[in-house]
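Quick notes on the structure that follows.
So that the names make sense, note that chain A is the first sequence line, chain B the second, and so on, each numbered from 1. Just so you know, these numbers use all the heavy atoms, side chains as well, and skip hydrogens, waters and symmetry mates.
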Amino acid sequence: MNVRTRFAPSPTGYLHIGGVRTALFNWLLARRHGGQFILRIDDTDQQRHVEEAVALILDGFRWMGMDWDEGPEVGGLHGPYYQAQRGDIYRAAADALIASGHVYRDYSSEAERNAERAAAEAGKKAYRFRRKHITDEQLAQFQAEARPYALRFAVPADRTITIHDLIKGNVEQKSSEIGDFVIVRPDGTPLYNFASVVDDAAMKITHVVRAEEHLANTFPQILMFEALNYQLPEFAHVPYVAAPGSKKKLSKRDGAVGLDEFINKGYLPEAMMNYLARLGWSLDASSEIFSRDQLVASFSLERVNSSPASHDPDKLFWLEGEWMKTLSMERKVNGVLPFLRKEGLVAEPLDEAARTRIEAVIAALGDRLKVFSDILALGRYFFTDAVAHDPDAVKKRLRKDGVVNMLREVDDVLAAVEPYDVATLEPAVHAFAEARGLPMGQVVNPLRVAVTGQGVGPGLYDCLAILGRDKCRQRIAATLEMLSASASA
RNA sequence: GGCCCCGUCGUCUAGCCUGGUCUAGGACACGUGCCUUUCACGCACGCAACACGGGUUCGAAUCCCGUCGGGGUCACCA
C-alpha cells in the first residue's frame, strides 16, 4: 500500500513543538514506507489567514529537514492545498450529501441554541443538537424570506462507531452521544469536521496521524466518510505533550515552546528531530541517539506511547551537545557566524584571518559549545576589547594575597616568551610557577580571570595564544589598575 | 456533569498484548569520586518508580473490577 500522510495546521502564527512532533511522526511514517507527506493549510475559519504564519511553518519544516511532497510552494495533483481555496470541492460534496439525504437545513437562531445549551448545562447534561421539526408552511416562509440556514449532518440514532486507532487501540462511541453537527455555515464556508474529511479523501490520505484532541472528532468524521462513500483511512491519535515536570498540557506559558525559539538560540535540527522523535516514541530499551536516516528506518506507530509525555528541556540540551560534537568545523563556523554578526563582533566582509580566528576559538571551546549562541556566552571576550570582569571570579581568584605581584611578574614572562604560542607559553608559565614555589592553580586561575574576565573557560594557554601577546598584556594591566583602584577606594 | 483517553524512577522510556527470566532495565537530570589549571568532556559509583484498593492465579508491573488523579470532548474553532 502506498502510504500518504498529512499535516494540516491552521496558520495561527507560531509553530508549537508539540505540533512539530505530530508533523514529524507523519513525515517519518511516510518516509518509512516510501510514501508521500502532504502539507495542507487548514484556514477555513481564519479570516486571519496570515501569509506570514504559513511562511513560519514552511521555514520551520525546512529547518527540520521535513520535506513535503505536496502542498504550498510545491503544488501537487490534489491541490489547492489551502482549504480557503477549495470551496468548489466542498460545495460538490455538500450537494452530494443533500442529495443522499444525510444533511438538512437548520434555520435555528443563535439565541435559540444558546438557550438550549444553557438548559443542558444547568441540568448537568451534555448538549446535543437534534433536528427541529418544521412544518411545510414554516419552511415555505423561511425560503420566501431567504432566511439563512446552516447545513447539519443528521446523525443516525442507534449506532456504535468504532475507531481502530493505531495508537489508542479500539475506541467506541454511541452515536447518541453525538449531536447533529454543522458542516456548512450559512455563508457557505465549511467546518473542520466536514472539510477535513473531504480533503483527506480527495488527497488520498491513508493514515491520519494527529493530536489526541481530535479523537472525539473522529466519530462524526467516520459517519461523514461513510455518508460520502469514501474509503476510511487509518487513524492514529498522538497524546499531547505536557509541560516540564507536569502532566498538564504544554502551553506558551511554560517557557520556550515555539520552534523558532530553539532555532534562534542556535539549536541543531538533528538534535531537535532526535529529541522530538524520542518524545513519546522509542525503538527499544536503550537506544537514544537517532540520526534522521535511522529514524526513517526504524519509526513505527506501534511503538508510539499511548500516554502523554512531558517536554524535557534538559534532555533536549543533552542531545544537542551530543549532536554538536559530531559537527564539522565548517558547519560550526557557519552556525556561529550569525550570532557574532548580530552583535557586530566580526568585520564585514569576513576575511581569512577572522575565519581562522573563529575556528581557533571553536577548537578551544571544544565540547563547551553546545548551542551556537554559546559562542556569545562563552567566547565573547575573544572578539571584543571590552572585557567585563565577572564579580564572582574576581572575588574568588583575584582578591587574594600575592596576586597583584604574581600578575606583574607573569606579565614579564609573557613579554619575554618567544614565540608566543601554546607550545612555548605552557612550559614558560610552568617554569615561572615552579621558580616562585607556587601551585599551578594559583598562577593559572588568576591569570585566566585577568585575561578573559571569566572564572571558567577553555584551557588557559589556548586563551593566551588566541588573544595574542598585546591583548593579554593590556588586559593584565587593566586588571591591575582595577584592583588597585577598588582596593584604595 | 455525560462520554472518551491516559496513569512504571523528578523526566524520557523498556517490560504489559503472549503472567514467572523484574530483588523492574537503559537514558536525562541530580549526588559522590576519579581525571584536571577552571569549566566542559570522559570514566566509576550512587539516589530514585510499577497511583491506590480489591479480585483471578501456585505466581501480577503484566489479566479483571473499583477508587483516585490527569487529559480530551460535548462550537455555525481547528
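Nucleic acid contact for A:Gln442: none, since no nucleic acid atom lies under 4.0 Å from a heavy atom of the residue. Residue contacts shown for A:Pro186 include a base, since a base heavy atom lies under 4.0 Å away. Across all strands, A:Arg113 comes closer than 4.0 Å to base atoms (heavy-atom distances). Within the 4.0 angstrom heavy-atom criterion, base atoms lie near A:Gly459. Residue A:Gly366 is out of contact with every strand shown, counting any heavy-atom pair closer than 4.0 Å. Residue contacts for A:Asp314: at a heavy-atom cut-off of 4.0 Å it reaches the sugar-phosphate backbone alone, with no base atom in range. Nucleic acid contact class of A:Pro458 (heavy atoms, under 4.0 Å, all strands): base.
Listed pair A:Arg303 / B:U13 fails the phosphate criterion, with no side-chain N or O lying under 4.0 Å from OP1 or OP2. The shortest distance between the side-chain N/O atoms of A:Asn305 and the OP1/OP2 oxygens of B:A14 is below 4.0 Å. Residue A:Ser286 places no side-chain N or O under 4.0 Å from the OP1 or OP2 atom of B:A27. In this model, the phosphate group of B:G2 is not approached by any side-chain N or O of A:Lys174 to a distance below 4.0 Å at OP1 or OP2. Distances shorter than 4.0 Å separate none of the side-chain N or O atoms of A:Arg368 from OP1 or OP2 on B:G42. The phosphate of B:C5 has neither OP1 nor OP2 within less than 4.0 Å of any side-chain N or O from A:Ser306. Checking the phosphate oxygens (OP1, OP2) of B:C12, a side-chain nitrogen or oxygen of A:Ser310 falls inside 4.0 Å.
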Checking A:Phe153 against A:Phe194 for the ring-ring contact (aromatic ring centres under 6.0 Å, His included) test, could you report, in this order, the C-alpha distance in whole Å, the side-chain angles of both residues, the deciding distance, and whether it holds?
CA-CA 9 Å; A:Phe153 191 91; A:Phe194 172 55; 9.3 Å; no

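Base pairing of B:A60: no nucleotide in any strand meets the Watson-Crick or G-U wobble criterion (both distances under 3.5 Å). B:C68 is paired with B:G7 under the Watson-Crick or G-U wobble criterion, all donor-acceptor distances under 3.5 Å. In this entry B:U23 has no Watson-Crick or G-U wobble partner, no candidate having both defining distances under 3.5 Å. The partner of B:C76, taking Watson-Crick or G-U wobble pairs whose two distances both stay under 3.5 Å, does not exist in any strand shown. Base pairing analysis places B:U37 opposite nothing; no Watson-Crick or G-U wobble pair with both distances below 3.5 Å involves it. A 3.5 Å limit on both hydrogen-bonding distances identifies B:A44 as the Watson-Crick or G-U partner of B:U32.
Taking atom P on both nucleotides, B:U23 is separated from B:A40 by 38 Å, rounded to a whole Å. As rounded to the nearest Å, B:G10 and B:A44 have C1' atoms that lie 23 Å from one another. B:A51 and B:G70 have their C1' atoms separated by 11 Å, given to the nearest Å. Annotation: B:C34 and B:A24 have their C1' atoms spaced 30 Å apart (nearest Å). B:G31 and B:C47 have their P atoms separated by 16 Å, given to the nearest Å. Distance noted for atom C1' between B:C68 and B:G53: 10 Å (whole Å). Spacing between B:G46 and B:C12 at atom P, rounded to whole Å, works out to 24 Å. Comparing the C1' positions of B:C9 and B:C22 gives a spacing of 14 Å, expressed to the nearest Å.
Aromatic rings of A:Tyr275 and A:His311 (six-membered ring for Trp) have centroids within the 6.0 Å cut-off, being under it.
Look at CG on A:Asp392: it is 14 Å from P on B:C39, rounded to the nearest Å. Remark: P of B:A78 and CD of A:Gln221 are 11 Å apart, rounded to the nearest angstrom. Rounded to an integer number of Å, the gap from CG of A:Asp374 to P of B:C41 is 12 Å. Look at CZ on A:Arg448: it is 16 Å from P on B:U36, rounded to the nearest Å. Across the protein-nucleic acid pair, A:Gln454 atom CD and B:C39 atom P stand 14 Å apart, rounded to whole Å. B:A40 atom P lies 17 Å from atom CE of A:Met324, rounded to whole Å. Whole-Å rounding puts the A:Glu288 CD to B:A14 P distance at 11 Å. In this structure, CZ of A:Phe219 is placed 18 Å from P of B:G2, rounded to the nearest angstrom.
Panel note: side chain A:His214, backbone A:Arg210; no donor-acceptor pair is recorded below 3.5 Å. A donor-acceptor pair is defined here as one N or O able to donate and one able to accept, closer than 3.5 Å; no such pair exists between the side chain of A:Glu320 and the backbone of A:Phe317.
Remark: A:Glu177 does not engage A:Arg159 in a salt bridge, criterion side-chain N to carboxylate O under 4.0 Å. Salt bridge status for A:Arg368 with A:Asp374: absent, with no side-chain N to carboxylate O gap under 4.0 Å. Classification of A:Arg40 and A:Asp42 as a salt-bridged pair holds, one side-chain N sitting under 4.0 Å from a carboxylate O.
Taking for each of A:Leu460 and A:Arg21 the nucleotide of RNA chain B with the nearest heavy atom, the 5'-most of the two is the partner of A:Arg21. For the pair A:Ile167 and A:Glu426, both in contact range of RNA chain B, the more 5′-proximal nearest nucleotide belongs to A:Ile167.
Side-chain proximity of A:Ser108 to B:C5, B:C76, B:G26: nearest is B:C76. Checking B:A29, B:C5, B:C76 against the side-chain heavy atoms of A:Lys168 singles out B:C5 as nearest. Closest to the side chain of A:Tyr461, from the set B:C12, B:A78, B:U37, is B:U37. Across B:C41, B:G1, B:C12, the shortest atom-to-atom separation from the side chain of A:Lys315 is found for B:C12. Across B:C76, B:G15, B:C12, the shortest atom-to-atom separation from the side chain of A:Leu279 is found for B:C12. For A:Val456, whose side chain is taken as the heavy atoms from C-beta onward, the closest listed nucleotide among B:U37, B:C39, B:A78 is B:C39. The side chain of A:Glu322 lies closest to B:G42, out of B:C76, B:C28, B:G42.
None of A:Asn170, A:Leu215, A:Leu232 except one satisfies the side-chain contact (heavy atoms from CB on, under 4.5 Å) rule with A:Ile163; the exception is A:Leu215.
Once rounded to the nearest 0.5 Å, the distance linking CG of A:Leu319 with OH of A:Tyr267 reads 10.5 Å. Rounding to the nearest 0.5 Å gives a distance of 9.0 Å between CG of A:Leu316 and CG of A:Leu279.
Remark: A:Arg117 pairs with no residue by the salt bridge (Lys or Arg N to Asp or Glu O under 4.0 Å) rule, at least two apart or across chains.
In this structure, A:Arg152 forms no cation-pi arrangement with A:Phe181, as its terminal cationic atom is not both closer than 6.0 Å to the ring centre and no more than 45° off the ring axis.
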What's touching nucleotides 71-75 of chain B from the protein side, N or O pairs under 3.5 Å?
| from | atom 1 | to | atom 2 | distance (Å) |
| --- | --- | --- | --- | --- |
| B:G71 | OP1 | A:Lys248 | NZ | 2.9 |
| B:G71 | O4' | A:Tyr240 | OH | 3.4 |
| B:C74 | O2' | A:Tyr127 | O | 2.6 |
| B:C74 | O2' | A:Arg128 | NH1 | 3.1 |

